[in-house]
Amino acid sequence: MARIFSYIVHRGGTVDDSAAELTAVARKIDPTVPPTAIVTGWGAGLDAVCSSLLSSYGEVWKVANEALSYPNAELVRQALVSILPANSILLVPHDHFGIDLSPGLSIKVNSAFVPDVLGIDGIEGDSLRLVRQEFGGQVSAHVRCDISSGAVINVRPGAFKPEQVTPISSVVFDKSSAVGTLTARRRYLETIVAEAGDVDITKHSVLVSIGRGMQEKDNVGLAEELAEALGAAVSCSRPVVDAKWMEKSRQVGSSGKTVKPKVYLACGISGAFQHLAGIKGSPFIIAINKNSKAPIFQVADVGIVDDVLEFLPELTNKVREMRGVAAK
Amino acid sequence: MEILVCVRRVPDTSENEIEVNAAGNDIERNELVYSVNEADNYAVEEALQIRDRVGGNVTVVTVGGEDDEEVLRRELAMGANQAVLVSDEDFNGSDGRGIATILKDFVKKGRYDLILTGVQADDGAAQVGGMLAAMLDYPFASLVNSITVDGGKLKVGREIEGGNREINEIDLPCVLSIQTGINEPRYVGMRGIRQVASVPIPTLGVSNLGVEKDSVGEAAAKVRRVDYFVPALSKGADMLHGSREENAHTVFELVAARGGLK
């Protein structure tokens, strides 16, 4: 059985939630041997990160290198190529860093690569069966991966629940000396923090959230009228921002804002996992979409198959009517 | 600047309800609406804008079959200087690595300063650009949402969490995977496509590119799809089946009951 490693994402001395999820993935692949954590970075927080992993990982491999102060995928890749044993399985979160790192790493270590994995379906000899999604989450696929020369597996954040495991007591191995001088042809310069918008969607208890189903910019007004009638705010999914119908500050999702409303009206939103990742606190989700196969209906509490352009004005009228009556 | 953009023709998920076919080995392909992969279209627009600022040529390439010519012609109508179809029976069944291998051999036949792909296609894999860069030993950046040319280097913004952007300097030649929203792709009408109807689109295969046959195709694939399926779902949404007016009433009451009215 191939040895299993997890790449640990950490910020400011704290381990990301993905570390516990990757442990769960490793146990699904091989329940007999605890996986090994790989922690790369530099500075004061690094040892704290390593220590916090000792109860859940069989070994912790530390690579301390000043060039790794910021996780530049090109430099991290060089470090991993230096320390990963041949034919290993490496688990990486499928986030903006994993998308940057893993495809190229798989080439450099001559391993298979499986992106955005949602499920582990068992192993037979050199063949690992996994579950993925295609076509914007509308269908799932079983995938078979030949792990005879190892594999890099990118795991969808949030797809695996961390498991309660009996704490173990492992050891940190310092692998820093195995990594030579690191140089990159892509250099990190700075991080530009998102601008605050005119409306703070994270503070609202009801969101009228719109997606591609709104079809054109002129129709955004339909959602604004409903939001006004309800006393809610309008938020949106990525395609609405891509099309420049709304400002980036209104976007809900992993590359936008994380919101915690009481009620979330998903209007013409398909429900890509990157969008759902931005909805926290288990709000009551009401989805309106003309595609009955839209993944949003799998997570919504109530669903309506209808054209939002027809339904929203009807709902706005209803809200005005009912509230007008209530006010008398 | 010589720019190559790798594109793909895919079923348009915003226009189609995707269903698994009876055999479970593919999706129902009858009556699907196809289009150029959305992120790839942004990549072509970005290439055109860079060319128009600093000069040079934009070449568009796809690995596929005859049917894929329509997306190449669309990108020619947008303003690409040339388009190439890479097609060969031996390429069938290639995994992401196989496709990257074919593109690597194509790139080596030319001279490109900048290679763009869309960040991901219909399979959501986001893999070919990063693999291609590693095979060519070029630097790579994914999820790119801004590009500024600065001499022999680029300044690129990457989309990271929470709407933040990571700014990097990257040496040329390089490979970038382009995120949707980086620009506003220009409109292409039927008239524009008719105007490029007679532009020749060369087709290249294994022998033209010098691809090692055993590094591509189904036999070389380390990753293979076994089947498509629709997962057994958790309960899912309670669907409302009333009239539009009744449904609106129900939604109003649900929002009110959850303390949603202000």
Side-chain angles (χ1 to χ4, degrees), chain A residues 74 96 99-100 103-104 107-108 112-116 133-136 138-146 185-194 205-206 212 230-231 241-242 244 248 254-256 262-263 284 286-287 291 293 297-298 300-304 306 310-311 314-315 318-319 322, chain B residues 13-14 17-18 20 27 96 122-127 130-131 133-135 139-143 158-171 180-181 184 222-231 233 236-240 244-245 247-249 251-252 254-255 258-262:
Chain A
E74 188 179 358
H96 67 84
I99 288 172
D100 227 25
I107 298 301
K108 295 297 184 187
F113 173 57
V114 191
D116 193 21
Q133 288 181 339
E134 296 192 18
F135 302 104
Q138 291 192 58
V139 295
S140 297
H142 290 111
V143 170
R144 206 169 54 219
C145 172
D146 174 358
R185 292 161 299 169
R186 171 181 138 197
R187 294 160 294 275
Y188 168 74
L189 300 177
E190 61 174 328
T191 298
I192 298 178
V193 176
S205 59
V206 180
R212 201 193 293 267
L230 288 168
V241 177
D242 286 349
K244 316 283 189 266
K248 181 86 179 167
S254 54
S255 65
K262 285 185 193 162
V263 180
F284 191 79
I286 301 167
N291 180 352
K293 298 285 189 307
F297 289 127
Q298 295 167 23
D301 297 279
V302 168
I304 300 167
D306 199 353
E310 303 284 345
F311 185 77
E314 183 78 37
L315 180 56
K318 179 60 72 178
V319 172
M322 298 302 287
Chain B
T13 47
S14 65
E17 294 190 12
I18 306 289
V20 180
I27 57 169
D122 52 344
D123 57 4
Q127 60 184 342
M131 289 178 166
M135 288 174 180
F140 170 68
S142 63
L143 293 154
R158 292 186 63 233
E159 180 183 282
I160 57 173
E161 69 281 336
N164 300 339
R165 294 174 60 228
E166 178 196 277
I167 310 298
N168 295 269
E169 181 182 71
I170 190 165
D171 296 343
T180 55
E184 294 181 62
K222 288 172 184 276
V223 180
R224 297 177 201 199
R225 187 175 50 243
V226 180
D227 61 10
Y228 281 115
F229 68 102
V230 178
L233 297 173
D238 288 331
M239 303 305 288
L240 301 184
R244 184 171 287 146
E245 208 249 326
N247 290 342
H249 191 94
V251 170
F252 170 79
L254 286 167
V255 176
R258 307 269 153 185
L261 297 177
K262 253 192 207 156

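Every chain is numbered from 1, with letters handed out A, B, ... down the list of sequences.
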Exercise. With a 4.5 Å cut-off on heavy-atom pairs, point out which of A:Val319, A:Leu315, A:Ile192 contacts chain B the most.
Key: A:Ile192
Practice problem: Check whether any side-chain heavy atom of A:Glu134 sits under 4.5 Å from a side-chain heavy atom of B:Ile18, and report yes or no. | Solution: no
Exercise. Measure across A:Arg186 and B:Ala141 and return the closest heavy-atom pair with its distance rounded to 0.1 Å.
Key: NH1-CA, 3.6 Å
Practice problem: For B:Asp227 and A:His142, work out which heavy atoms get closest and say how close. | Solution: OD1-ND1, 2.7 Å
Quiz item: Rounded to the nearest 0.5 Å, what separation is found between the CG atom of B:Asp238 and the CD1 atom of A:Ile304?
Solution: 11.5 Å
Exercise. Specify which of A:Ala287, A:Ala300, A:Ala194, A:Ser140 makes the most heavy-atom pairs with chain B at under 4.5 Å.
Key: A:Ser140
Practice problem: Side chain from CB out, backbone as N, CA, C, O: work out which of these in B:Ala125 comes under 4.5 Å of a heavy atom of chain A, or both, or neither. | Solution: both
Self-check item: Donor-acceptor contact below 3.5 Å, side chain A:Lys248 vs main chain B:Gly163
Solution: no
Practice problem: Heavy atoms only: give me the nearest B:Gly181-A:Asp242 pair and the separation to one decimal. | Solution: CA-OD1, 3.2 Å
Quiz prompt | Between NZ on residue A:Lys318 and CZ on residue B:Phe252, distance to nearest 0.5 Å | solution = 9.0 Å
Quiz prompt | Top contributor to chain A interface from B:Val223, B:Val20, B:Thr180 [non-hydrogen pairs under 4.5 Å] | solution = B:Thr180
Quiz item: Under a 4.5 Å heavy-atom cut-off, does chain B meet the side chain of A:Ile286, its backbone, both or neither?
Solution: side chain
Exercise. Could you check B:Ile27 against A:Gln138 for side chain to side chain contact (heavy atoms under 4.5 Å, CB included), going step by step and ending with a plain yes or no?
Key: CA-CA 10 Å; B:Ile27 57 169; A:Gln138 291 192 58; over 6 Å; no
Quiz item: In terms of heavy-atom proximity below 4.5 Å to chain B, should A:Asp116 be classed as side chain, backbone, both, or neither?
Solution: side chain
Quiz item: Side chain, backbone, both or neither: which part of A:Glu74 has a heavy atom under 4.5 Å from chain B?
Solution: side chain
Quiz item: Quick one: CD on A:Glu190 to CD on B:Glu166, what's the gap to the nearest 0.5 Å?
Solution: 10.5 Å
Practice problem: Using a cut-off of under 4.5 Å on heavy-atom pairs, state which of A:Asn291, A:Asp146, A:Asp306 scores highest against chain B. | Solution: A:Asn291
Quiz prompt | Backbone N/O of B:Ala248 and side chain of A:Glu314: donor-acceptor pair under 3.5 Å | solution = no
Quiz item: When only pairs under 4.5 Å are counted, which of A:Gln133, A:Arg187, A:Lys293 shares the most heavy-atom pairs with chain B?
Solution: A:Arg187
Quiz item: Are any of the side-chain heavy atoms of A:Leu230 and B:Leu261 separated by less than 4.5 Å?
Solution: yes
Quiz item: B:Val251 and A:Phe311: which non-hydrogen atoms are nearest, and at how many Å?
Solution: CG2-CZ, 3.9 Å
Quiz item: So, are A:Lys244 and B:Glu184 salt-bridged, with charged N and O less than 4.0 Å apart?
Solution: no
Quiz prompt | Max heavy-atom pair count under 4.5 Å with chain B, selected residue of A:Ser254, A:Ser255, A:Gly136, A:Ser205 | solution = A:Ser255
Quiz item: Looking at B:Ile167, B:Asn164, B:Asp122, B:Asn247, which one has more heavy-atom pairs under 4.5 Å with chain A than the rest?
Solution: B:Ile167
Quiz item: Hey, is the main chain of B:Val255 close enough, under 3.5 Å, to the side chain of A:Lys262 for a donor-acceptor pair?
Solution: no
Self-check item: chain B contact via A:Val206 - which portion, at a heavy-atom distance below 4.5 Å
Solution: side chain
Quiz item: For the candidates A:Phe284, A:Phe113, A:Phe297, which exhibits the highest count of non-hydrogen atom pairs separated by less than 4.5 Å from chain B?
Solution: A:Phe284
Quiz prompt | Selection from B:Arg244, B:Glu245, B:Met135 maximising heavy-atom pairs under 4.5 Å formed with chain A | solution = B:Arg244
Quiz prompt | B:Leu143, part contacting chain A, at a heavy-atom distance under 4.5 Å | solution = side chain
Quiz item: Side chains of B:Glu161 and A:His96: is there a donor and an acceptor less than 3.5 Å apart?
Solution: yes
